[in-house]
S.K.: 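What follows is a single structure, and I will ask about it in a moment.
Start at 1 and go down the list; that is how both ligands and their atoms are numbered.
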Amino acid sequence: MTDSIATVTRDVLDRLGVGSALYSGGTLDSFSPVTGERIAQLPQQGPADVTAAIDRAVTAFRAWRTVPAPRRGELVRLLGEELRTSKDDLGRLVSIEAGKSPSEGAGEVQEMIDICDFAVGLSRQLYGLTIATERPGHRMMETWHPLGVVGVISAFNFPVAVWSWNTALALVCGNPVVWKPSEKTPLTALACQAILDRALARFGDAPEALSQVIVGGRETGEALVEDPRVALVSATGSTRMGRQVGPKVAARFGRTILELGGNNAGIVCPSADLDMALRAIAFGAMGTAGQRCTTMRRLFVHDSVYDQLVPGLVKAYASVTVGNPLTTPALVGPLVDRAAHDAMQAALQAAKAAGGTVHGGTRVTDAGPEAAFYVRPALVEMPAQTGPVLEETFAPILYVMCYSDLDDAIAQHNAVGAGLSSSIFTTDLREAETFLSAAGSDCGIANVNIGTSGAEIGGAFGGEKETGGGRESGSDAWKGYMRRATNTINYSRELPLAQGVSFDI
Ligand code: UN1
């Protein structure tokens, strides 16, 4: 007899060094979407615990901000080493708790390792500019200082990578982190804490409470958002969540990095390499069971290639393997829960009512027990971009539409609330550059001949409009975790005023 998923989970947690007191005997039920079974009952924390965690983080900040940045980078280097050691187990726990395929679970941990490497390099940079000054005997420059306590709110679908993007940067930038993970994925959060604790033990002299996890409900997230000592709230989730978090933090003049919904699209042009486009679309739209914020949800296909591409896609949708990610090599795992399944079915009904032709989308009952929600991904041929096409449904639904003029397709592409990721498939330079131009895609990520998902950590990650405008991860996203001071130094014996102003007393 094979072990129950709860036993497998306990074994993995044991290997990762998470003590059983942290996940048994409590009131927060944790389920695996793989079988729908309960795998843990965690003790929960409340708003008073959040306040106490922030108290500790404030103390940690005072010490950590004075540690030289390259030394702070050493902690992140050790975190990267520990993640390499734990990659298989943490990836497996991601599969158990979020339902990802083993390859995607491991890929998520790889993103964590990559951001650690990036942050270590950054810890010897954190550059400011030197700026020409108009006054003789003066020097003007900018200095980047640690910001303060960083609050991280993360979603179930990238339960560990999003924490690491924020934490690796926050730590090298001199900030402590208080993390409220999704209530659907608390175990992976505890595992990250255990891994970081090992890095901290090897590091030696870090202040206590540099990174803390708060396992709890909505009110713990609210306490984090409302506390004026939390200088930056980095929140990943729905646009609805962002509409609540953004104004609350703004009202106290705090900073936010919001990474919210996506309604990402691809455009397939007449000159596209259709075989490549098909494979990119298949991964972008069906990978992670459509539960990435970067999942491709809309596709505009030129009318001259529609009949060559779309039947092949329909075939791929019919044949893609759907099943238990722990016991089968299936490419598509489960939806996170019943609510996700119901939202998918409601969207498909609405699409039919709007004239759509639905391929797939039905529940795959033989993939798991009654309490697990496996679905065949849905491809929906739509007569126009209406109804559910305009909204993000967090499930594997790809709405396909036909276009004849690229400018019209780009206008349609941009005519939704979200602005996260986008792709064009073409071998025509003019079309590619038009899509990337100021008059092209309005998203934070715009790609050519690759899908919308699977961004590397080296680029800034995030999007415009209802996606929230935040940027995490690579490029200069680190600046969001620091405060900038402009310094002007007078090393002369005179006191010339700027703009030639005189004030002689
Ligand atoms: C998310 O779904 O919240 O680009 C993040 C990607 C991943 C990150 C997705 N690197 O798909």
Side-chain angles (χ1 to χ4, degrees), residues 33 91 94 97-101 103-118 152-169 179-182 184-185 188-189 192 234-242 245 257-266 280-297 331-333 335-336 340 392-396 398 418-423 441 443-448 450-464 466-475 477:
V94 169
E97 222 183 17
K100 293 192 186 190
S101 72
S103 170
E104 293 195 67
E108 181 167 351
V109 182
Q110 188 58 46
E111 284 202 45
M112 304 175 82
I113 294 168
D114 295 342
I115 193 70
C116 285
D117 287 355
F118 181 92
V152 176
I153 297 174
S154 60
F156 82 87
N157 67 324
F158 271 79
V160 292
V162 169
W163 168 76
S164 73
W165 300 344
N166 284 284
T167 301
L169 293 193
W179 178 22
K180 191 233 169 275
S182 163
K184 292 175 187 167
T185 50
T188 41
C192 289
S234 177
T236 301
S238 64
T239 294
R240 200 164 60 92
M241 179 277 283
V245 169
I257 294 176
L258 297 177
E259 211 267 274
L260 311 174
N263 191 356
N264 317 296
I281 294 161
F283 172 65
M286 296 192 281
T288 328
Q291 298 172 111
R292 287 194 190 218
C293 55
T294 49
T295 291
M296 191 181 287
R297 308 200 180 279
L331 293 176
V332 177
L335 292 176
V336 69
E392 175 188 50
T393 301
F394 221 60
L398 180 66
L420 179 55
S421 186
S422 58
S423 302
S441 162
C443 291
I445 299 171
N447 296 329
V448 177
I450 63 167
T452 51
S453 66
E456 298 176 24
I457 61 90
F461 183 84
E464 303 300 331
E466 290 178 7
T467 303
R471 291 296 186 278
E472 295 176 307
S473 197
S475 183

S.K.: Nearest protein heavy atom to atom 8 (C) of ligand 1, by residue and atom, and its distance?
M.R.: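 That would be Trp165 CH2, 3.7 Å.
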S.K.: Can you tell me how far the CG atom of Leu420 sits from the OG1 atom of Thr294, to the nearest 0.5 Å?
M.R.: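 These two atoms lie 6.5 Å from each other.
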S.K.: Give a yes or no answer on whether the side chain of Glu392 reaches the backbone of Gly262 with a donor-acceptor pair at less than 3.5 Å.
M.R.: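 Yes: the side chain of Glu392 pairs with the backbone of Gly262.
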S.K.: Answer yes or no: is there a donor N or O on one side and an acceptor on the other, between the side chain of Ser423 and the main chain of Gly451, under 3.5 Å?
M.R.: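 Yes.
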S.K.: Any idea which protein heavy atom is nearest atom 6 (C) of ligand 1, and the distance to it?
M.R.: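 Sorting protein heavy atoms by distance from atom 6 (C) of ligand 1 puts Gly454 N, 3.2 Å first.
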S.K.: Are the charged groups of Glu464 and Arg471 less than 4.0 angstrom apart, N to O?
M.R.: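 So Glu464 pairs with Arg471 through a salt bridge.
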S.K.: Does either side chain, that of Glu97 or that of Thr188, offer a donor lying less than 3.5 Å from an acceptor on the other one?
M.R.: yes
S.K.: In terms of atom number and element, which parts of ligand 1 are under 4.0 angstrom from non-hydrogen atoms of Thr294?
M.R.: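 Listed by number with element: 4 (O), 6 (C), 11 (O).
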S.K.: Closer than 4.0 Å to some heavy atom of Asn157 - which atoms of ligand 1 meet that?
M.R.: 1 (C), 2 (O), 3 (O)
S.K.: Counting each atom of ligand 1 from 1 as listed, which ones have a heavy atom of Ala455 under 4.0 Å away?
M.R.: 4 (O), 6 (C), 10 (N)
S.K.: Please determine if Thr236 has a nitrogen or oxygen closer than 3.5 Å to a nitrogen or oxygen of ligand 1.
M.R.: no
S.K.: Would Trp163 and Met112 count as a side-chain contact (heavy atoms from CB on, under 4.5 Å) if you check the C-alpha gap in whole Å, the side-chain angles of each, and the deciding distance to 0.1 Å?
M.R.: CA-CA 9 Å; Trp163 168 76; Met112 304 175 82; 3.9 Å; yes
S.K.: Determine whether the side chain, the backbone, both or neither of Phe394 has a heavy atom under 4.0 Å from any heavy atom of ligand 1.
M.R.: neither
S.K.: So which bit of Glu259 gets within less than 4.0 Å of ligand 1, heavy atoms only: side chain, backbone, both or neither?
M.R.: side chain
S.K.: Just by modelled atom types, is the Met241 backbone N or O under 3.5 Å from a matching donor or acceptor in the Ser238 side chain?
M.R.: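 Yes, Ser238 side chain to Met241 backbone: donor-acceptor pair under 3.5 Å.
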S.K.: Give the residue and atom name of whichever protein heavy atom lies nearest to atom 1 (C) of ligand 1, and the separation in Å to one decimal.
M.R.: Cys293 SG, 2.6 Å
S.K.: CD1/Ile457 to CD1/Ile113 distance, rounded to the nearest 0.5 angstrom?
M.R.: 11.5 Å
S.K.: For the CZ atom of Phe158 and the CZ atom of Arg292, what is their distance to the nearest 0.5 Å?
M.R.: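 So the CZ of Phe158 and the CZ of Arg292 are separated by 4.0 Å.
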S.K.: For atom 7 (C) of ligand 1, what is the nearest protein heavy atom, given as residue, atom name and distance?
M.R.: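 The closest heavy atom on the protein side is Glu111 OE2, 3.4 Å.
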S.K.: Any N or O of Arg292 that comes nearer than 3.5 Å to an N or O of ligand 1?
M.R.: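 Yes, there is a polar N/O contact under 3.5 Å.
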S.K.: Does an N or O anywhere in Phe158 fall below 3.5 Å from an N or O of ligand 1?
M.R.: no
S.K.: Which part of Ile457 is near ligand 1, with near meaning a heavy atom under 4.0 Å away: side chain, backbone, both or neither?
M.R.: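 The answer is neither.
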